[in-house]
Amino acid sequence: MSERRVTFGQATVEAMQHAMRDDDRVFALGEDISWGGNFGQFRGLAEEFGPRRVVDMPISEAIIMAVAVGAATTGLRPVASMSFVEFTLGAMDEIVNQASKFRYMFGGQVSVPLVLRASDGVLRSSAAQHSSSLEALFAHMPGLKVVAPSNPADAKGLLRTAIDDPDPVVYLEHKKITSRRGPVPLEDHRVPLGKATTARYGSDVSVISYSAMVPTSLEAAERLADQGIEVEVVDLRSLVPLDFEAIAASVLKTRRVVVAHESWMFGGFGAELSSQIHEELFDTLQAPVRRVGAAPAPIPFSPPLEAAVIPGADAVVEAVLHTLGAPSPI
Amino acid sequence: MSERRVTFGQATVEAMQHAMRDDDRVFALGEDISWGGNFGQFRGLAEEFGPRRVVDMPISEAIIMAVAVGAATTGLRPVASMSFVEFTLGAMDEIVNQASKFRYMFGGQVSVPLVLRASDGVLRSSAAQHSSSLEALFAHMPGLKVVAPSNPADAKGLLRTAIDDPDPVVYLEHKKITSRRGPVPLEDHRVPLGKATTARYGSDVSVISYSAMVPTSLEAAERLADQGIEVEVVDLRSLVPLDFEAIAASVLKTRRVVVAHESWMFGGFGAELSSQIHEELFDTLQAPVRRVGAAPAPIPFSPPLEAAVIPGADAVVEAVLHTLGAPSPI
Amino acid sequence: MSPDQTAAVVTEGTGRQVARGFHQTMVRIRTFETHVERLFLEGRLPGFVHTYTGEEAIATGTCARLDAGDYITSTHRGHGHAIAKGIGLKALMAELYGKATGTCRGRGGSMHVADFSLGMLGANGIVGGGFGIAAGAAFSALYRSSGQVAVCFFGDGAINKGTFHEALNFAAVHRLPVVYVCENNQYAQFTDRHRTTAVDDLSVRATAYGIPGMRVDGNDVGAVWTAAGVAIDRARSGGGPTLLDMQTYRFGGHYVGDAEVYRDSAEVNDRKRLDPVGRWEAGLVSEGWATEEEISAVWQTAAAEVEDAQLFAEQSPDPDPGTALDDVFTEARR
Amino acid sequence: MSPDQTAAVVTEGTGRQVARGFHQTMVRIRTFETHVERLFLEGRLPGFVHTYTGEEAIATGTCARLDAGDYITSTHRGHGHAIAKGIGLKALMAELYGKATGTCRGRGGSMHVADFSLGMLGANGIVGGGFGIAAGAAFSALYRSSGQVAVCFFGDGAINKGTFHEALNFAAVHRLPVVYVCENNQYAQFTDRHRTTAVDDLSVRATAYGIPGMRVDGNDVGAVWTAAGVAIDRARSGGGPTLLDMQTYRFGGHYVGDAEVYRDSAEVNDRKRLDPVGRWEAGLVSEGWATEEEISAVWQTAAAEVEDAQLFAEQSPDPDPGTALDDVFTEARR
Ligand SMILES: Cc1ncc(C[n+]2csc(CCOP(=O)(O)OP(=O)(O)O)c2C)c(N)n1
Ligand SMILES: Cc1ncc(C[n+]2csc(CCOP(=O)(O)OP(=O)(O)O)c2C)c(N)n1
Ligand SMILES: [Mg+2]
Ligand SMILES: [Mg+2]
């Protein structure tokens with residue numbers, strides 16, 4: 001397969017192109033998407049596929065999701081853009097009470113093959129209503145699959161697979177990495193849901209992460225390598241289904257674990273990871289699993305405040321050192 | 001203080017009466033509440049306080065919460081009824097993007113003294129859209145306080161305190177226990193937010209729980225006592241703020257822990273509890289913390305299926321035995 | 001009680017057969033609901049149920065205008081829609097019993113009856129849940145050039161949900177083949193609609209979307225049939241959505257067991273005089289399209305069918321608890 | 001560019017002073033926004049900003065009708081509302097810089113400017129977020145018999161949010177003292193409103209709630225002042241809500257930096273000829289209510305004030321990172 005370096009956002013466009021060329025049932029709907037979307041995640045699709053398949057929606061988040069549910073259960077494969085992930089809060093009834101429950105509560109007679117794309121995370125002081133990461137909400141809801149790629153190649157491969165998938169998939173694209181470049185296969189490319197990958201090998205401590213926190217963890221790992229500490233970084237890619245086998249394989253090797261995400265630590269997805277690791281690998285662990293996540297506050301606008309709330313590479317370094325019993329550097 | 005036995009629902013009515021008599025700023029709004037609400041949680045209030053203070057709202061959940069925010073930030077103290085907790089999903093933008101963030105994102109210039117009352121949990125085969133428990137969603141959101149009483153006296157005392165509180169409080173009342181009776185002080189009565197209580201003393205295993213899972217855990221404890229196992233049941237009452245001191249005190253004694261709730265285990269609030277306990281008390285623990293929660297499926301209608309998804313006393317017994325290293329009885 | 005009015009059974013485009021068909025459907029719904037009410041009060045049914053008694057003309061007259069491939073979305077009060085769209089009484093009753101033979105294999109119950117193969121996209125426990133789903137189904141029909149139409153049934157209480165507004169605007173912009181049918185039974189749970197809704201004539205809300213709106217006597221199945229026909233034809237031929245405000249009244253409580261403290265029996269009795277079934281029967285007889293004996297026979301047939309359905313449901317097995325986690329996702333099924 | 005039309009500055013109930021006051025407010029907003037645009041492009045401001053340039057007449061004419069104790073809710077495009085409701089340029093600018101001296105102590109930024117002590121209940125980053133909050137503030141005013149009125153500013157895109165419908169219905173049922181002012185600038189982000197909205201005249205949506213609705217020339221501050229006056233008086237005197245569709249146009253992009261590929265410069269230039277500031281100035285001069293020199297002086301004063309504000313903001317301290325967790329809840333503050 002030939003690869004080029006393209007941005008994460010462009011990689012998702014390619015996934016859409018492959019899917020839409022292959023299958024006329026696939027269409028996109030969302031606000032302003034024929035103009036490319038707020039982060040270029042839909043760029044060029046309107047030109048290629050026209051307004052029938054790239055549908056600019058009114059500012060009506062609830063109905064964007066409900067239309068997706070109605071279309072998905074009557075033969076189509078919608079990809080619904082929610083733009084900023086906070087806007088999903090205006091469509092939670094449709095996402096949770098409808099999309100996630102339809103298959104089960106109707107006794108398996110119908111599938112809901114839709115993808116919900118949303119941009120999450122902190123980028124450039126967007127303040128409290130445009131900076132959150134809400135994967136913990138989605139992951140808690142049976143019936144939703146949740147993916148959060150960390151790099152352009154996975155962005156392409158996971159989106160392609162999510163569109164193929166018969167069930168509702170919440171596809172989270174972090175704003176900070178949407179413009180980052182990386183090698184991406186030119187061809188149609190699929191990454192299976194529910195399969196983690198090892199972003200860096202190491203034997204001392206496992207850092208379990210996903211989305212934008214993977215590059216941050218890699219940065220921390222580089223810094224720790226200078227101190228002679230070899231960190232293994234596991235990129236979950238999918239939160240639901242969760243590849244616990246991959247986590248366990250790494251933990252069995254390192255016996256020390258940090259789980260890291262940008263969203264709030266309290267009640268975050270890291271708590272699920274930490275709990276499962278403790279439950280399943282208690283005797284293996286040399287130290288309790290350490291969590292890295294945002295401090296419990298809405299995301300502030302001021303850059304120094306934002307940096308104080310959101311975890312960066314420092315926080316990962318500190319957590320790794322903590323699991324090693326080293327005194328905190330701060 | 002004189003006590004009588006009244007239902008949980010009636011106890012909440014009393015709390016409303018005390019608050020509304022004391023303070024004209026307190027009013028209630030919600031669908032059909034002048035008729036008492038779906039579970040009698042507002043019974044008699046319309047008769048005493050009239051339509052000015054007991055406001056029957058259109059079926060417009062988003063605006064119920066938004067009106068509460070607008071009223072709370074301009075001098076009133078709304079108590080908003082969301083009826084079934086699933087209906088909050090239609091008002092998540094108002095709850096999370098507005099109510100929870102206002103104080104912080106506006107720099108502390110305003111408080112949002114509102115109470116969101118919602119009935120959660122499983123009662124009598126109400127199926128997927130009327131049986132969930134969503135405390136994990138609320139607890140993850142900085143700026144929301146979350147309480148979930150387990151008995152009528154706490155129901156009264158916590159609601160009273162929640163109404164007094166200057167911040168948004170999500171008050172979760174489990175449908176199964178709303179009609180249960182217990183001793184309740186006749187007088188005005190307050191239970192502080194953020195204070196757990198010990199529902200049963202024991203030295204072998206701590207069961208950390210809240211809401212309807214407390215009576216279930218007590219039932220399990222009785223059964224285990226017959227086997228000579230003494231379980232301590234900690235009733236958190238508040239999830240945010242969380243009384244970790246009380247948890248730690250119990251765990252330091254028993255060194256074995258089960259956390260139990262009715263909502264889905266995966267990504268549930270129990271994961272936060274389990275993580276914190278492992279992080280803080282790793283060396284104390286004789287066994288990993290065991291979680292009890294619903295299996296990952298929307299709640300089914302059929303009674304035998306419902307029972308297969310929702311944890312009961314059996315599940316708590318099994319989990320306790322598991323922490324003791326005993327072979328599972330099932 | 002004999003009805004106050006006789007419905008005119010002679011309507012353009014119907015005849016004796018069609019008119020008798022309406023009667024049969026209405027009687028089947030009425031009989032099913034009356035029976036279900038008794039079963040619930042006897043403690044035979046899990047959950048809770050909302051019956052359609054008094055509102056039968058709406059589902060009957062509307063669904064009679066739909067093709068088998070057309071879609072409907074339904075509500076918490078969905079048994080009538082299910083029957084009118086063709087779900088068999090056995091599968092319906094079994095679902096109410098939570099049995100493995102129910103339309104949703106016992107997973108859904110009364111509030112989530114569905115049969116997607118019949119275009120019945122589900123009763124829905126979320127008030128207003130159908131607005132956007134119907135729009136989505138209609139969008140899908142247009143996208144696939146399938147010629148299908150979607151009908152969204154909803155209540156007078158649901159009209160105040162934001163989803164009403166979002167869906168009707170979207171449907172109007174895209175001229176979707178969808179019809180919004182308000183079953184205006186004057187109450188939302190315990191609350192008189194006038195206490196929570198700013199306008200009396202709900203069809204004026206069509207103005208906000210530049211689409212046609214019309215008030216209809218929802219207790220006259222012929223009038224329903226006529227109005228629904230116009231709207232459905234318009235939808236199918238590219239004319240876009242319509243809003244119909246169908247006036248009706250529920251004879252029973254909001255749910256079975258409702259003490260009904262919020263309305264007095266004088267009002268209820270008064271409104272019962274406009275019984276859609278009785279009015280239609282009077283019309284059939286006065287037109288000479290059915291005899292009293294034929295009408296009795298319809299009731300007897302329906303009663304037998306409902307009893308059969310009960311027997312079927314009661315003899316059906318519960319779902320296997322071992323399957324409780326099946327069908328959360330598509331691949332996992334044993 | 002001189003404007004195509006001259007606005008009639010003589011309006012019932014105003015006079016020279018009031019008319020000149022409008023001018024001053026509009027010029028302060030225009031000058032602030034123009035300056036902010038430059039500061040943003042120079043990379044001095046964090047986040048992103050949406051400017052109000054071209055729409056100044058709406059906030060100016062409307063807020064001139066409000067008392068200090070009255071409420072407004074604002075949008076992502078909130079600087080103009082903030083200024084018109086009395087927020088000082090220093091505190092406003094400092095907030096845009098994220099400084100400790102800002103209206104929200106740097107926590108909010110451009111999209112969350114607020115001053116509750118001035119009845120400015122916040123710019124809001126959620127489109128449609130203000131509909132219900134304004135209704136709640138109006139409910140509160142009625143409950144407290146305070147005589148206050150609330151005005152909700154929102155965009156032509158926001159009108160399709162479900163919250164519009166829920167709020168207007170509720171407000172109409174309770175005859176709340178609230179006015180809904182649509183700043184109809186023809187676009188929602190990059191999308192022409194006609195592509196996503198079923199009706200052209202947005203004021204017809206009032207019909208759905210049985211309340212008055214009116215289309216207004218939103219680039220004529222006198223017309224705004226008149227229409228807002230009628231609506232605010234009605235609200236204050238118990239007549240309930242009003243919906244105003246104020247026609248306007250934003251001169252700049254959706255946000256500063258927007259490439260504006262979705263509209264051509266011919267259109268933009270054409271609409272700029274209806275500049276609300278220029279039209280008003282032409283009116284002032286032709287009426288003899290202001291000389292060219294006086295008008296220049298207003299611009300100079302505003303420019304100096306805005307530069308002062310910039311200086312103030314740049315010299316202000318950042319918030320202390322040690323306070324990052326303060327004010328999540330009310331009690332926790334150091
Ligand atoms: C979103 C939501 N809010 C509230 C409810 C509770 N509820 C169930 S039925 C009902 C009344 C519905 O009234 P209407 O739409 O008129 O239908 P009807 O029952 O009269 O047929 C309410 C409030 C619900 N199920 N969903
Ligand atoms: C709920 C929500 N959906 C989408 C957005 C993204 N967004 C920000 S501004 C905007 C357009 C708003 O258009 P309009 O209401 O006309 O206001 P204008 O920008 O024209 O002043 C959109 C879609 C948002 N902030 N909130
Ligand atoms: Mg009704
Ligand atoms: Mg606009």
Side-chain angles (χ1 to χ4, degrees), chain A residues 29-38 40 42-43 46-47 51 54-66 83-84 86-91 93-94 122-132 175 264 266 294-310, chain D residues 45-48 76 95-100 102 104-113 123-129 155-164 187-193 195-198 254-255 258-259 261-262 317-329 332:
Chain A
L29 72 170
E31 293 156 23
D32 307 286
I33 58 173
S34 75
W35 304 105
N38 280 81
F42 295 89
R43 193 169 291 148
E47 289 77 353
V54 180
V55 185
D56 280 336
M57 295 293 287
I59 307 179
S60 307
E61 281 79 10
I63 250 43
I64 295 175
M65 284 312 305
S83 196
F84 290 75
E86 281 95 340
F87 308 161
T88 65
L89 294 166
D93 176 67
E94 290 69 21
V122 164
L123 174 69
R124 223 169 29 105
S125 291
S126 302
Q129 294 173 336
H130 291 75
S131 301
S132 314
K175 296 194 280 291
W264 299 293
F266 190 89
I299 314 301
F301 173 73
S302 140
L305 291 185
E306 185 186 90
V309 168
I310 290 297
Chain D
L45 301 179
F48 39 100
H76 55 286
E95 189 59 33
L96 269 58
Y97 272 84
K99 294 300 182 75
C104 303
R105 300 162 63 225
R107 300 285 179 79
S110 166
M111 268 198 298
H112 306 298
V113 171
N124 207 308
I126 297 298
V127 169
D156 51 287
I159 203 164
N160 295 324
K161 279 291 286 185
T163 45
F164 169 82
Y187 288 86
Q189 286 198 145
F190 322 130
T191 302
D192 181 325
R193 68 186 179 91
R195 294 186 52 231
T196 54
T197 308
H254 170 63
Y255 49 81
D258 177 2
V261 290
Y262 50 87
D318 273 327
D320 174 1
T323 66
L325 299 185
D326 290 359
D327 288 319
V328 177
F329 294 119

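These numbers come from the heavy atoms of this one structure, side chains and all, not from hydrogens, waters or symmetry mates. In the text below, chain A, chain B and the rest are named by the order of the sequence lines, each starting its count at 1.
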Visitor: Among Pro296(A), Pro51(A), Ala62(A), who wins on heavy-atom pairs under 4.5 Å with chain D?
Guide: Pro296(A)

Visitor: Where does Leu45(D) contact chain A at under 4.5 Å (heavy atoms): side chain, backbone, both or neither?
Guide: neither

Visitor: I need the single residue from Thr88(A), Asn38(A), Asp32(A) that forms a side-chain hydrogen bond (donor to acceptor under 3.5 Å, both in side chains) with Ser83(A). Which is it?
Guide: Asn38(A)

Visitor: Indicate yes or no: at least one non-hydrogen side-chain atom of Leu305(A) is less than 4.5 angstrom from one of Ile299(A).
Guide: no

Visitor: Could you tell me how the ring of Phe190(D) sits relative to the ring of Tyr262(D): parallel (under 30°), tilted (30 to 60°) or perpendicular (over 60°)?
Guide: tilted

Visitor: Among Cys104(D), Ser110(D), Gly157(D), which residue has the highest count of heavy-atom pairs closer than 4.5 Å to chain A?
Guide: Gly157(D)

Visitor: Would you mind reporting whether Asp327(D) and Arg107(D) have side-chain heavy atoms less than 4.5 Å apart?
Guide: yes

Visitor: Is it the case that Asn160(D) and Ser60(A) place a side-chain donor and acceptor less than 3.5 Å from each other?
Guide: no

Visitor: For Glu94(A), which residues count as a salt bridge (charged side-chain N to carboxylate O under 4.0 Å, His left out) partner, sequence neighbours excluded?
Guide: none

Visitor: Heavy-atom distance under 4.5 Å to chain A: side chain of Thr191(D), backbone, both or neither?
Guide: both

Visitor: For the atom pair CG (Asp56(A)) and OG1 (Thr196(D)), what is the distance rounded to the nearest 0.5 Å?
Guide: 8.5 Å

Visitor: With a 4.5 angstrom heavy-atom cut-off, could you sort out which part of Asp320(D) is near chain A: side chain, backbone, both or neither?
Guide: backbone

Visitor: Report the option among Pro300(A), Pro58(A), Ala308(A) that has the most heavy-atom pairs separated by less than 4.5 Å from atoms of chain D.
Guide: Pro58(A)

Visitor: Any side-chain heavy atom of Lys175(A) sitting closer than 4.5 Å to one from Arg124(A)?
Guide: no

Visitor: Report the option among Ile126(D), Val127(D), Thr163(D) that has the most heavy-atom pairs separated by less than 4.5 Å from atoms of chain A.
Guide: Ile126(D)

Visitor: Pick one of side chain, backbone, both or neither for Glu61(A), based on which atoms fall under 4.5 Å of a heavy atom in chain D.
Guide: both

Visitor: Checking Pro303(A) against chain D: side chain, backbone, both or neither under 4.5 Å from a heavy atom?
Guide: side chain

Visitor: Describe, in one word, how the ring planes of His254(D) and His76(D) are oriented to each other, choosing from parallel (under 30°), tilted (30 to 60°) and perpendicular (over 60°).
Guide: tilted

Visitor: What residue, out of Ser34(A), Pro298(A), Ala128(A), Pro304(A), has the most heavy-atom pairs lying under 4.5 Å from chain D?
Guide: Pro304(A)

Visitor: Among Glu306(A), Glu31(A), Gln129(A), which residue forms the greatest number of heavy-atom pairs with chain D at distances under 4.5 Å?
Guide: Gln129(A)

Visitor: Heavy-atom pairs under 4.5 Å with chain A are the metric here; pick the option from Gly109(D), Ala158(D), Gly162(D) that has the most.
Guide: Gly109(D)

Visitor: So which part of Phe164(D) gets closer than 4.5 Å to some heavy atom of chain A, the side chain, the backbone, both or neither?
Guide: neither

